[in-house]
Amino acid sequence: MATVTAGGPAPGAVGEPPNEVALSRRIRNRAWWALCTLGMLVLVVPVVWILAGVFDNGTRDWHWSVLWTAQHGIGGGLANDIVGTALITFSVAILAGVVGVGCGVYLSEFLRPGVRRTLLRSAYEVLSGIPSIVFGYVGYVALDVGLHWQFSLLAAVIVLSMLVVPYIAKATEIALGQVPTEWREGADSLGMTKSYQLRKIVMRAALPGMLTGLVVAIAISVGETAPLLYTAGASAYYPTGAFIHSPVPYLTEIVYTDFDSSFPSQHVLSYDAAMLLVVLVILILLSSRLVIRLTQRYSPSRALTATKSQPRRVRSRDQSGAARVIADAAVSVDSPRDGPSSP
Amino acid sequence: VTEPTGGTAFHGKAVAGGSPRPPDRTSRRGLPTLTPATTPQWRREFLERLLAVISSLAAIVPFLALAGMLVILGIYAVPSIKYNGFWHFITSSPWGIGDLYGKVEVTHGVKHLPGAEFGAYPLIIGTLETSAIALLIALPVAVGSAVLVVEKLPPRIAGAIGMCLEILAGIPSVVIGVWGALTFGPWIAKHIYPTLAHLPNVPPLDIFRGSVGTGEGLLTSGLVLAAMIVPIIAATTRDLLRQVPEQTKEGAEALGLTEVEVFTRVQARWIRSGVVGAAVLGLGRALGETIAVAFICGGQDGIAHNVYGAMDTIAAFIVTNLDAAQGDPSGLAVRAIAELALVLMIITLFANVVARFIVSKSSRGAALPVGAGF
């Protein structure tokens, strides 16, 4: 019972550790956690600082009327920009949503692993790594100048959609990949056709993940500036609704041009626009959680917890974050789900 | 539910004998109720094909977009490549569209203004420098905080940190740029940089010596970029750490390893390739970040004279100079920017390929696959 293990002192009174860890190792351990804590502070401080700065500047001269007044010379409100941003974002959500979801469904459900799938998947993964200004420049050169569309809604929407499609496609692919094989086999054995199975079983189960991708795409398109500056142009009026030949106003452009203008009234507009953008993005990100909760009725994680079987595929709540969706879009490997046998 | 008879599949869109389509019902246990199909065969086949066709069309779009962008940039940059050459373009320094009031000249069959000269060397160096600084800072911060979140913090606080990450990833870059230019830059130039500049004059620390400037420049850009790429690396690292099997960790602990040793000997090996992939992805975003850098880089077409010095990056230069380039009557300046965009695209593609290579190589051995689900 009380045999002494090699190297360690004899275990004495109850509660005393059987092995004394060397001082240097304990110090190294403490130093490690101190560094980790420092790292987390460095991460949290900018978030708090930026939010505080934005709300401090934004609320200083805040008038609710900016929400329903259009720009007027160097003053006025932001109503036209809000309408423009909403118009662009809505159009992008439709175009990029169709293309992105379609792309993800095809890659995950219709293509077998092989050269074609690798090629198509690499294409959108590489696309997600291309700088937004390159999108903007190509859009300007090809659509605004090349096709004589000038600054226009259509050019902006196409460029922005190509920018966000990878996020939706990847989120869709991952979500579809998480639907258990047993469910598909079950559907097969019931005699369901492939598309019926997709619509009624697989895509319903994958809905939360797909919608998370869409929500992230919406948040990105609300906040992008570089691809829009030379495709949507700038305007002080309400968007006309025409697809081409008419520039569209949007919030980020106001922040970009007016923050260092020489008129204080434009500073105020710029700060207001920045605050509106941050509020919008936070609301959109929060809404993703609501959307997940509303749509997870058929999702595998929920079913697994409900049946109290192995909870290995259950995601913790903070795991399906926007940052992760952005990170996922770029690099992936076709390899087995369950890690290595041994490191 | 009765069994389907030979060849008749269950089908939801059933319309039974002209009566209105019964609504999709779900039973109490959450499973869709199935109605036997009476839809005509052709219609079922059509529906079956439709989804495949539509989604296959959508799947080609990203490929076409990528190829289209490369082709358009390549074709558009031809006059500039003829005039500047490619190698000379990326190794020479001044950028001037020439004498705007001069007469348009023709060299090598390319129209240009007298004295036009395009060189991207300082911009390329600026892009690489800011991104390197950003990655050097962001990587340890992200990994450290991810370890803390996974190992020490209670779920509630971990969730709050997760929310912080999401917000930081979601804040528009233009807002971060304004914050950097109006708040962060001036503050750090006043309170932190003077101290850094008075560090002892020994080799690793002497790079911080010199005049600190106004807070718009290389180091400020690198720091702000670091804040922008931290969420991506941290979120990936956190999720990877959570996938490390509990047993391997417990085994290491049972052998008497301290927490830091468990991390370096066990966890780090599992998450290695994923973190490298996320880091190179972050690097790619830092290379291409446009608006935020345009506000805080100082906007000088030249290499920063010290670590605080004003400089410019390719992306920021494009967005701030495209307007001026349109004023070039010979049209060469816009073409030169196409060549610049091509260079930027090549740099980011290179980073991307390296990331894929590292991840695919190391994920075959001792590490978790990235992005392959949870």
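Chain letters run A, B, ... following the sequence lines, proteins first, then strands; residues in each count from 1. For clarity, every value in this text was computed on a predicted model and none was experimentally measured.
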If you take all heavy atoms of [X] and [Y], which pair is closest and at what distance?
X	Y	value
Val47(A)	Cys164(B)	CG2-O, 4.0 Å
Leu66(B)	Ala123(A)	CD2-O, 3.9 Å
Gly223(A)	Pro172(B)	O-CB, 3.5 Å
Gly170(B)	Leu285(A)	CA-CD1, 4.4 Å

Relative to chain B, which of [options] shows the most heavy atom pairs under 4.5 Å?
options	result
Ile50(A), Val281(A), Val42(A)	Ile50(A)
Leu280(A), Leu120(A), Leu198(A)	Leu120(A)
Val44(A), Val98(A), Asn57(A), Thr225(A)	Thr225(A)
Phe135(A), Tyr271(A), Tyr230(A)	Tyr230(A)
Val141(A), Val105(A), Leu107(A)	Val141(A)
Gly53(A), Gly39(A), Cys103(A), Pro46(A)	Cys103(A)

Side chain, backbone, both or neither: which part of [X] has an atom under 4.5 Å from a heavy atom of chain A?
X	value
Val334(B)	both
Leu182(B)	side chain
Thr290(B)	side chain
Glu261(B)	side chain
Tyr76(B)	side chain
Ile54(B)	neither
Thr348(B)	side chain
Leu322(B)	both
Ile291(B)	side chain
Ala316(B)	neither
Pro140(B)	neither
Ala181(B)	side chain
Leu153(B)	side chain
Leu57(B)	neither

Can you find a pair of side-chain heavy atoms, one from [X] and one from [Y], that are under 4.5 Å apart?
X	Y	result
Tyr137(A)	Ile72(B)	no
Met162(A)	Val61(B)	yes
Trp179(B)	Trp49(A)	yes

Which bit of [X] is near chain B, if near means a heavy-atom gap under 4.5 Å: side chain, backbone, both or neither?
X	value
Thr37(A)	both
Leu38(A)	neither
Val54(A)	side chain
Leu43(A)	both

> Given the rule in the side chain to side chain contact (heavy atoms under 4.5 Å, CB included) test, do Leu73(B) and Val134(A) qualify, once you have shown the distances and angles that lead to the verdict?
Replying inline: CA-CA 9 Å; Leu73(B) 274 185; Val134(A) 175; 3.9 Å; yes
Among [options], which residue forms the greatest number of heavy-atom pairs with chain A at distances under 4.5 Å?
options	result
Ala338(B), Pro231(B), Ala234(B), Ala67(B)	Ala338(B)
Gly144(B), Ala138(B), Ala351(B), Ser55(B)	Ser55(B)
Ile318(B), Val230(B), Val147(B)	Val147(B)
Val319(B), Leu344(B), Leu168(B)	Val319(B)
Ile176(B), Ile171(B), Thr258(B)	Thr258(B)
Lys152(B), Arg285(B), Met345(B)	Lys152(B)

>> side chain to side chain contact (heavy atoms under 4.5 Å, CB included) for Leu127(A) and Met69(B)? Distances and angles first, verdict last.
In response: CA-CA 10 Å; Leu127(A) 201 62; Met69(B) 283 171 76; 4.3 Å; yes
> Using 30° and 60° as the class limits, which term best fits the ring planes of Phe259(A) and Phe295(B): parallel, tilted or perpendicular?
Replying inline: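 Correct class here is tilted.
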> Any luck finding a side-chain donor-acceptor pair between Tyr140(A) and Gln326(B) under 3.5 Å?
Replying inline: yes
State whether the number of non-hydrogen atoms from other residues, nucleotides or ligands found under 6.0 Å of [X] atom [atom1] is greater than 12.
X	atom1	answer
Phe110(A)	CZ	yes
Arg26(A)	CZ	yes
Arg116(A)	CZ	no

>> Is there a side-chain hydrogen bond (donor to acceptor under 3.5 Å, both in side chains) between Trp32(A) and Glu259(B)? Walk through the geometry before answering.
In response: CA-CA 9 Å; Trp32(A) 164 246; Glu259(B) 286 147 323; over 6 Å; no
Supply the atom-to-atom distance [X] [atom1] to [Y] [atom2], rounded to the nearest 0.5 angstrom.
X	Y	atom1	atom2	value
Phe263(B)	Cys36(A)	CZ	SG	7.5 Å
Leu35(A)	Leu148(B)	CG	CG	11.0 Å
Leu257(B)	Arg25(A)	CG	CZ	6.5 Å
Ile130(A)	Leu287(B)	CD1	CG	13.0 Å

> Under the side chain to side chain contact (heavy atoms under 4.5 Å, CB included) criterion, do Glu125(A) and Asn352(B) qualify, and how do the steps go?
Replying inline: CA-CA 9 Å; Glu125(A) 286 171 1; Asn352(B) 212 308; 5.7 Å; no
